[in-house]
Amino acid sequence: MDILVPIKLVPDLVEELEIAANGVALDRRFMRLIPSEQDDHALEEALLLKERHGGSVTVITLDTGDTDDTLYTAIAKGADRAIKVTGESFDEGVTNHAASSVLQAAAKDLTFDLILTGAQATDDLDGSTGPLLAARLGLPFVGYVLAVSQEDGGIVVRKEYPGGLVAEMTVDLPAVLGISAAEKPPRYVVTAKVMEAMKTATIEEVAAGDADAQGAAELARMYLPESGERAEMIEGGVDQVADALVALFGKRGLLG
Amino acid sequence: MLISATWRSTAPVEVTVTSTMTSEPTLYDEILEATPHGERLNLCLQCGMCSGICPYGFAMEFPPRSLIAALRAEELTSALDSDLIWLCVSCFACTSVCPVQIPLTTSLLTTFKAESMLRGKVPSELQAALENTRRYGNTLGESPRRRPEWASHLSPPVPLMAEAKEPVDVLWFVGDYASYHPRSQVVSRAMARLLRALDVNFGILGPEENSDGDAQLLSGEKGLYEMLVLKNGKAFAKYQFKQVVTTDPHAFNVIKNEYPRAGVTVPIQHYTQFLAERLDQLKPLLHRELNARVAYHDPCALGRANSNNIYDEPRQLLQAIPGLELVEMAHNRANTICCGGGGGGNWLDGFVWEQAHARTSEWRVEEAVRAGAEILAVACPYETPRFEDAVKSTGHQEELIVKDIAELLSEAMRD
Amino acid sequence: MSKDVWVVVESLRGEVLENTYTMLAAGRTLADGLGGKLTALLLGSKAEGLAGTLGVADGVTYVDHPALADFTPDAYRRTISALVKEAAPRAVLMGHSSMGMDVASGISIDLGLPLVSACQTLSAAAGFVSVTCGGKVLAEGKLPEPACLVTLVPGGHKPQDGRKDAAPPVARVQPPVPLDDLKTKLKGYIEPEAGGIDITKESILVSVGRGIGQQDNLKLAEELAAALGGAVSASRPIVDQGWLPTSRLVGKSGKSVKPRLYLALGISGAPEHHEGMSDAECIVAVNTDEKAPILDYAQYGVMEDALKLMPVLTARVKQAKGG
């Protein structure tokens with residue numbers, strides 16, 4: 001199977017987030033961007049499918065900044081091609097509607113049986129890239145997928161529902177899947193292999209066409225929630241805290 | 001279970017290597033080339049001293065001697081399929097007793113770990129530490145910007161090299177754990193107090209400091225180690241200082257013994273050496289009595305590893321504290337029992353427990369109690385949290401506390 | 001411009017899912033503010049009975065067809081798109097969930113309608129407030145005109161306000177488009193691991209997250225849970241690592257729990273997790289990050305390393321219980 005894996009770079013929540021001067025977006029100047037965690041899982045699932053059934057894996061990302069490390073790492077893990085789509089204002093952040101429109105145009109020149117991408121990303125505000133791309137390409141979509149297997153010339157996916165229930169669905173190819181977790185945790189790739197990829201592999205650059213940016217709501221305000229109604233903090237060292245908690249539990253009748 | 005052995009061949013061994021190299025280097029060749037004197041692998045007598053002294057040898061499918069036998073028989077599949085190589089905590093015990101001085105830890109075991117990693121066999125906790133290192137420059141996954149935060153409330157403030165207007169005498173390499181782990185941060189603050197009390201002109205790199213690379217190198221991630229040397233090397237090159245002092249034995253070990261081969265050479269001391277040299281200045285400041293029996297745990301990285309052999313200075317410092325009675329544990333100096341934190345071991349506790357159902361840190365705590373110690377003194381930022389955990393898991397909370405030497409000195413300075 | 005609000009009902013194996021009631025509560029607020037009608041859109045096969053708890057809505061539109069018996073993305077999206085196109089309501093609310101998120105984006109492209117997702121609060125006057133970046137950032141704005149789609153997360157509207165055990169008038173309609181040649185089909189369901197603990201029935205939960213560090217440390221949580229007479233549950237990272245089975249997962253993809261005490265150890269409390277425990281009677285959060293979102297909704301917070309606190313707390317609890 002030839003698999004396309006769109007990867008989205010998102011704000012790293014390890015760092016402090018700040019609001020931009022315009023008050024309706026995140027300040028991206030000092031932001032660290034990392035690949036969306038579920039996109040990492042999508043790549044892993046794609047690599048597992050390639051290992052099992054052959055074919056190829058192509059990763060593609062919009063040049064929102066900090067993309068090269070992600071792309072070389074993907075190649076070091078086993079991806080065959082890495083494509084970076086460049087566009088003028090990408091570094092200011094792109095809505096999912098706009099990104100999926102850019103990816104749709106780029107996908108025209110690619111052949112694939114399957115597109116795997118993360119089911120959601122932490123900074124999604126207008127749906128997610130996977131189903132938007134699927135709709136634009138006229139392809140079927142199933143999201144929240146935990147496993148993909150090839151059966152009888154088609155694929156079967158496991159989709160998660162609340163409470164641990166899983167549904168098995170057949171999907172006609174070509175299709176787009178939103179992966180929430182790969183069958184195995186994303187593999188480790190040693191730094192030496194990433195360095196080697198940086199020296200020997202090429203990232204193909206493609207210019208974005210006009211993007212259809214419609215579909216996301218205009219924001220009036222973006223902000224960090226106030227610590228208003230916050231938890232009552234229990235102060236003190238470990239011993240004092242433990243005592244206070246036991247007293248609290250006792251008062252609430254939890255100690256039998 | 002542990003053999004105490006201090007004899008070894010003292011005459012240097014001359015080795016001529018006749019390599020079996022074909023056009024494609026084999027794993028055997030890699031091990032020979034991995035580290036200086038790696039070719040001594042050819043001299044292995046299969047005596048079994050290494051496997052015998054290895055703290056987790058009993059749980060490994062292929063302790064060092066068996067690994068070498070498998071290599072020689074070219075029957076590597078089982079050895080490479082086993083993930084029990086990750087029980088090795090790079091304590092250098094095997095290296096220190098090998099009668100023909102094969103650098104087992106750095107050549108054989110590290111290369112096997114590297115090979116395991118290439119095959120995707122790395123325990124997930126360690127994987128996270130390595131990925132954190134690559135992304136954030138520290139194993140804990142914390143923001144690099146917050147690296148100097150442990151010192152933010154200190155007065156006078158701890159100087160950042162980037163803000164220093166003049167050269168300093170000492171560049172203090174703090175390290176990951178000492179910067180970010182809450183328990184180790186306490187020790188860092190004690191060290192800052194000591195440096196101030198001794199009027200040392202020092203600075204720290206803060207956000208420009210990256211992980212020292214010892215754990216990454218010994219766990220087989222050479223490329224990551226090289227990246228760290230490059231970054232730390234660049235930071236060192238920016239500033240003027242007379243020497244580096246570190247509170248972290250792993251940083252000491254790797255910067256002293258490995259960095260030069262990677263092109264970065266700086267004079268470095270472990271803080272116990274630095275302070276011991278200034279004992280005349282320090283001793284008068286230690287006026288508070290500590291009436292306790294103290295056992296000192298020799299860190300592998302400071303002692304056995306690469307024959308660093310720093311055993312006396314920490315003891316001199318402890319004995320300078322009034323009222324302190326120094327006791328020795330059964331295994332000490334070169335025979336010390338590893339705390340289990342080296343070579344990536346700090347991130348493998350879950351894995352090690354599952355496989356071995358034993359913790360070297362617990363053995364060590366029991367030894368300290370048996371030696372009659374009330375305080376277990378350490379000189380490594382991994383050890384304070386590791387041994388405190390072991391004190392709890394062995395139920396000795398009422399009998400034994402764990403303190404870094406820097407903390408004990410700092411407390412002895414108080415009124 | 002229409003003032004009517006639609007809610008797409010989510011049901012699974014004959015039961016209406018709780019987030020439907022959250023959507024109905026939000027929908028009711030919105031419709032009342034706009035002065036319009038609230039309609040629940042129900043798709044299924046012989047499922048008209050599910051209308052019985054949808055009393056908060058003014059009416060139910062029910063589409064009956066064998067292909068709609070279970071949720072599948074293709075059949076549901078085709079149906080909803082066509083109906084929305086025809087009726088053009090002001091807003092269509094769907095779940096920010098495995099079902100809702102499968103179709104919302106597609107409908108947005110089909111009909112050229114703006115989509116607001118991860119929405120927590122809705123009102124006619126104030127518009128929407130959405131949650132993003134793990135709960136650390138909020139985004140608000142006016143509801144796009146003349147029509148839009150919204151996917152909702154719990155937390156802003158109470159499901160109790162969206163449930164009324166009475167059936168509003170049900171309008172049965174034919175599927176507006178053919179439901180043949182479907183590209184996604186259901187093969188079957190796989191039950192979650194049976195046996196063991198049912199965390200939804202426990203009144204005390206000791207819940208662990210990333211802050212627990214290593215798998216080894218789980219036993220500390222188990223000891224504390226045993227001392228308290230409760231059970232151990234977890235957030236997603238723990239279950240994804242395989243350290244605990246999915247039956248212990250609290251949150252959007254796991255179980256919803258309502259214990260008397262929810263002790264969250266090293267859990268940041270992102271919205272997906274909050275979804276599963278927001279109704280706990282007493283939430284105590286132990287964390288070393290003062291900015292952890294969980295502190296915004298926990299009753300009590302402790303700035304401490306959970307690994308240090310657990311053994312001490314276990315000992316004190318045992319003492320207090322006289323053991």
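The sequence lines fix the lettering, A, B, ..., with proteins before strands; numbering per chain opens at 1. Fair warning: this is a prediction, and the values are worked out from it, not measured in the lab.
Listed options C:P114, C:G188, C:G141 were ranked by heavy-atom pairs under 4.5 angstrom with chain A; first place goes to C:G188. Chain C forms the most heavy-atom pairs under 4.5 Å with one residue out of A:R252, A:Q214, A:H97, and that residue is A:R252. Comparing C:T184, C:D289, C:T246 by how many heavy-atom pairs each has under 4.5 Å with chain A, the most go to C:T184. With chain C as partner, the option from A:T122, A:L133, A:L224 having the largest number of non-hydrogen pairs under 4.5 angstrom is A:T122. When the candidates C:G254, C:P144, C:G135 are compared by the number of heavy-atom contacts under 4.5 Å with chain A, C:G254 comes out ahead. Most heavy-atom pairs under 4.5 Å with chain C, from the set A:M222, A:E218, A:R158, A:E168: that is A:E168. Taking C:R260, C:K255, C:K308 one by one and counting their heavy-atom pairs under 4.5 Å with chain A, the maximum is reached by C:R260. Chosen from A:G250, A:S180, A:A167, A:G130, the residue pairing most often with chain C at heavy-atom distances under 4.5 Å is A:A167. Of all the listed residues (A:L132, A:V10, A:V157), the one sharing the greatest number of non-hydrogen pairs under 4.5 Å with chain C is A:L132. The most heavy-atom pairs under 4.5 Å with chain C, out of A:L139, A:D123, A:L165, A:V142, come from A:L165. Of the listed residues C:M99, C:K142, C:E281, the one with more heavy-atom pairs under 4.5 angstrom with chain A than any other is C:M99. Here C:E140 is the residue among C:E140, C:K187, C:R13 with the most heavy-atom pairs under 4.5 Å with chain A.
Panel note: side chain A:S128, backbone A:A119; a donor-acceptor pair is recorded below 3.5 Å. The backbone N or O of C:M101 lies less than 3.5 Å from no partner atom in the side chain of A:Y144, so there is not a single donor-acceptor pair. For the pair A:Q240 (side chain) and A:G237 (backbone), a donor-acceptor distance under 3.5 Å is present.
For chain A, no part of C:L249 is nearby; none of its heavy atoms comes within less than 4.5 Å. Only the side chain of C:F128 comes within less than 4.5 Å of a heavy atom of chain A; its backbone N, CA, C and O stay farther away. Using a 4.5 Å cut-off between heavy atoms, A:A134 does not touch chain C at all. Heavy atoms closer than 4.5 Å to chain A are found nowhere in C:C148, neither backbone nor side chain. Using a 4.5 Å cut-off between heavy atoms, C:V284 contacts chain A through its side chain alone, with no backbone atom that close. Both the backbone and the side chain of C:L309 come within less than 4.5 Å of a heavy atom of chain A. Contact of C:E304 with chain A is made through the side chain alone, with heavy-atom distances under 4.5 Å. Contact annotation for A:L248: only side-chain heavy atoms (C-beta onward) come within less than 4.5 Å of a heavy atom of chain C. Using a 4.5 Å cut-off between heavy atoms, C:S97 touches chain A through its backbone atoms (N, CA, C, O) alone. Looking at C:S108, only its side chain comes within 4.5 Å of chain A, counting heavy atoms on both sides. For chain C, the nearby part of A:L26 is the side chain; its heavy atoms alone come within less than 4.5 Å. Contact of C:D102 with chain A is made through backbone and side chain together, with heavy-atom distances under 4.5 Å. Heavy atoms closer than 4.5 Å to chain A are found in the side chain of C:V129, but not in its backbone. The parts of A:D239 that come within reach of chain C are both its backbone and its side chain, each placing non-hydrogen atoms under 4.5 angstrom from that chain. Heavy-atom distances place no part of A:V24 under 4.5 Å from chain C, backbone and side chain included. Of the atoms belonging to C:L182, it is backbone heavy atoms, and not side-chain ones, that fall under 4.5 Å from chain A. Using a 4.5 Å cut-off between heavy atoms, A:E151 contacts chain C through its side chain alone, with no backbone atom that close. In this structure, chain C has a heavy atom under 4.5 Å from the side chain of A:E16, while its backbone stays farther away. Proximity to chain C (any heavy atom under 4.5 Å) is restricted, for A:L17, to the side chain, taken from C-beta onward.
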* To do: Apply side chain to side chain donor-acceptor pair (under 3.5 Å) to the pair A:D39 and A:T117, showing each step before the final yes or no.
  => CA-CA 5 Å; A:D39 289 348; A:T117 191; 3.3 Å; yes
For this session: Output, in order, the C-alpha distance, side-chain angles, deciding distance and verdict of side chain to side chain donor-acceptor pair (under 3.5 Å) for A:N96 and A:T129.
Result: CA-CA 5 Å; A:N96 289 334; A:T129 313; 3.3 Å; yes
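Looking only at side-chain heavy atoms (C-beta outward), C:M310 and C:V286 stay at 4.5 Å or farther from each other. Looking at A:M1 and A:I155, their side chains come closer than 4.5 Å, going by heavy atoms from C-beta outward. Between C:D110 and C:R77, some side-chain heavy-atom pair lies under the 4.5 Å cut-off. Counting heavy atoms from C-beta on, the side chains of A:T95 and A:L125 never come closer than 4.5 Å. Counting only heavy atoms from C-beta outward, the side chains of C:S98 and A:K159 approach each other to under 4.5 Å. Side-chain atoms of A:L114 and A:L49, non-hydrogen and from C-beta on, do get closer than 4.5 Å to each other.
Within a 6.0 Å radius of CD in A:E37, no more than 12 heavy atoms belonging to other residues, nucleotides or ligands are found. Crowding of C:K185 atom NZ: a count of heavy atoms from other residues, nucleotides or ligands under 6.0 Å exceeding 12. By the 6.0 Å contact criterion, CZ on A:R28 is enclosed, its count of non-hydrogen atoms from other residues, nucleotides or ligands being greater than 12. Heavy-atom contacts from other residues, nucleotides or ligands closer than 6.0 Å to CG of A:D210 number 12 or fewer.
Checked for salt-bridge contact, A:D66 and A:R32 miss the test: no charged N lies under 4.0 Å from a carboxylate O.
In this structure, CG on C:L205 lies 9.5 Å from CZ on C:R248, to the nearest 0.5 angstrom.
Classified by interplanar angle (parallel below 30°, tilted 30° to 60°, perpendicular above 60°), the ring pair C:Y297/C:H274 is parallel.
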